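First the structure, in the form of C-alpha cells, and then the observations on it.
Keep in mind it's a predicted model, so treat the numbers as computed, not measured. Below, all heavy atoms of this structure are taken into account, side chains as well, without hydrogens, waters or symmetry copies.
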Amino acid sequence: MTAFTTEFTPVQSLLGGGLVGLAAVLLMALHGRIAGMTGILAGAFAPGGGWRLAFLAGAVAAPLLLVRLDGVAVDFSSPVPLGWTALSGLMVGIGVSYGGGCTSGHGVCGLARLSARSLVATLSFMLATGATVYATRHLAGGF
C-alpha cells in the first residue's frame, strides 16, 4: 500500500480558499451566476459561453501563474491507474447530474446562501467521499 503524505500549508490554503470565495462572490455580484464548475464547464461551448470560457481559463491560468512566480513545482502524478481515474470521473459526472450540481456550486455558493438543499447535498458528497476513501484504502487494499 502506498503511503500518502501532504504538507501542512495553512497560509496558502487560507489564501486559496479566500480567492475561491472571492471569485464566487464576484461572479454572483457581477453576472448573477453561481460558480458551479460542472455547470460552467457544461455550458462553456454553448452560445453565450464566453464568460464561462474566461472563468475556466482563469481557473487554469491562476495556479500556473502562481507556480511561475513562486517557483514551486506542483506534482501532478497519481498512484491511481488511469482506468480507475477515468471510471471515477465518470461516476462523479453521473453523481453531479443526479445531485443537481457539484461541490463548488453547492458547497461554496449554496452554503454561503444558507441553502438547505445545498447543505444536504454537501453532506451527502462528504459522506460518500469518506466512505469511498475508507473502502478503497482499508477494504480493497488501497492504491
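The minimum heavy-atom distance linking Trp84 with Val80 is given by the pair CB-CG1, 3.6 Å.
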Could you list the donor-acceptor pairs under 3.5 angstrom formed between side-chain atoms of residues 46-53 and any protein atom two or more places apart in sequence or on another chain?
none

Please list every donor-acceptor pair under 3.5 Å in which a side-chain atom of residues 30-38 meets a protein atom from a residue at least two apart or in another chain.
none

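Note: Leu87 CG to Leu82 CG = 11.0 Å, rounded to the nearest 0.5 Å. The CG atom of Leu64 lies 11.0 Å from the CG atom of Leu69; values are rounded to the nearest 0.5 Å. With values rounded to the nearest 0.5 angstrom, Met28 atom CE is found 5.5 Å from Arg113 atom CZ. The CG atom of Leu41 lies 11.5 Å from the CZ atom of Phe55; values are rounded to the nearest 0.5 Å.
In this structure, a donor-acceptor pair under 3.5 Å is absent between the side chains of Thr122 and Ser118.
By the side-chain contact (heavy atoms from CB on, under 4.5 Å) test, Leu119 pairs with Leu111, Leu123, sequence neighbours left out.
No more than 12 heavy atoms of other residues, nucleotides or ligands sit less than 6.0 Å from atom CZ of Arg68. For Met91, the CE atom sits in a loose shell: 12 or fewer heavy atoms of surrounding residues, nucleotides or ligands are nearer than 6.0 Å.
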